[in-house]
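Worksheet for the structure shown next.
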Amino acid sequence: YMDEDVSIKGFSEMESISESFNQMISRMKQLEDSRQEFVSNVSHELKTPITSMKVLADSLLQQEGVPAELYQEFLVDIAEEIDRENKIINDLLSLVKLDKKSGEMHISTININELLEQIMKRLRPIAAKRNIELVFESFRPVIAEVDEVKISLALSNLIENAIKYNFDEGWVRVSLNADHKFFYVKVSDSGVGIPEDAQNAIFERFYRVDKARSRETGGTGLGLSITRNAILMHRGAIKVYSKENEGTTFTVRVPLNYIA
Ligand code: ADP
């Protein structure tokens with residue numbers, strides 16, 4: 001009797017160990033797949049501007065007596081591709097720094113109202129070019145323990161996107177609030193919105209709803225993964241609410257006191 005009982009218990013324990021082992025293996029396979037996908041995405045994204053530059057340079061070199069204007073035009077295009085390559089590399093470097101395992105936190109006490117005002121001051125001229133109204137609404141002064149560079153990057157990305165994916169004459173509203181534990185930033189826009197079935201995917205690296213549009217606006221598809229990583233490193237949370245052709249709201253919640 002006793003023996004049987006023990007052996008049954010032993011067996012079910014073995015079973016559960018082998019189950020967790022299988023789960024671990026399948027998790028490792030998932031990680032390896034996503035790593036390979038990342039590397040292949042990075043290579044593709046880095047190659048695209050280089051291919052364009054090569055085509056542009058070759059077509060100039062292969063012709064004799066190219067008119068000066070055409071020369072000038074192609075050089076402008078080449079310079080744009082170089083800018084794009086630079087942006088991708090910078091975003092990739094930010095992303096690597098924001099990797100949860102390798103990323104270090106440099107925590108200091110920051111006035112979040114001032115931080116948001118600085119970001120908006122920098123972005124206001126860009127919004128003004130397309131007559132987009134940029135409003136900041138603060139419900140209270142907020143002082144928090146954060147990594148200034150990371151939080152600043154995270155919030156800038158959200159506000160830049162709200163401008164980028166907006167209509168001319170649209171609006172962007174940024175609001176800041178807090179309770180005794182968290183501060184909350186809400187970035188709402190009157191822009192193109194995000195289809196419901198894409199709302200989870202936008203946080204993935206290199207994902208873009210509309211590749212052509214994003215490329216036109218200089219997007220790399222890395223912005224929101226950078227933002228989400230930065231927020232998660234502060235043990236915060238980010239959510240999106242959106243309706244196509246009506247607009248998008250991102251809400252961010254970050255603890256006032258950093259918990260390592
Ligand atoms: P990108 O560099 O393309 O802007 P992001 O990671 O910042 O990359 O955003 C991913 C995609 O999510 C964008 O390409 C865009 O399609 C969509 N998106 C992000 N923010 C907004 C927004 N405020 N309104 C509409 N679409 C957005």
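For ligands, and for the atoms within them, numbers begin at 1 and follow the listed sequence. All values reported here derive from a predicted model rather than from experimental measurement.
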At under 4.0 Å between heavy atoms, which part of Val209 makes contact with ligand 1: side chain, backbone, both or neither?
both
Heavy-atom contacts under 4.0 Å between Leu224 and ligand 1: side chain, backbone, both, or neither?
both
Quick one: do the Asp210 and Tyr165 side chains pair a donor with an acceptor below 3.5 Å?
no
Answer yes when Lys87 and Asp83 have at least one side-chain N-carboxylate O distance shorter than 4.0 Å, and no when they do not.
no
For Tyr207, counting its heavy atoms only, list the atoms of ligand 1 lying under 4.0 Å from any of them.
10 (C), 11 (C)
If we count only N and O atoms by modelled type, under 3.5 Å, do the side chains of Arg122 and Ser156 hold a donor and an acceptor together?
yes
Show which atoms of ligand 1 fall inside a sub-4.0 Å distance from at least one heavy-atom site of Gly221.
1 (P), 2 (O), 3 (O), 6 (O), 8 (O)
Counting from 1, what ligand 1 atoms have a heavy atom of Lys164 closer than 4.0 Å?
1 (P), 2 (O), 4 (O)
List every atom of ligand 1 that sits less than 4.0 Å from any heavy atom of Arg208, numbering the atoms from 1 in the order shown and giving each element.
3 (O), 14 (O)
Out of all atoms in ligand 1, which are within 4.0 Å of some heavy atom of Gly223? Include the element for each.
5 (P), 6 (O), 7 (O)
Could you tell me whether Glu32 and Arg35 make a salt bridge, using a distance below 4.0 angstrom between a side-chain N and a carboxylate O?
yes
At the 4.0 Å heavy-atom cut-off, does Asn157 count as touching ligand 1?
no
Are the charged groups of Glu45 and Arg208 less than 4.0 angstrom apart, N to O?
yes
Is Gly193 in contact with ligand 1, taking contact as a heavy-atom separation below 4.0 Å?
yes
Any idea which part of Asp189 is under 4.0 Å from ligand 1, heavy-atom wise: side chain, backbone, both or neither?
side chain
Does Asp33 come within less than 4.0 Å of Lys29, counting only side-chain N to carboxylate O?
no
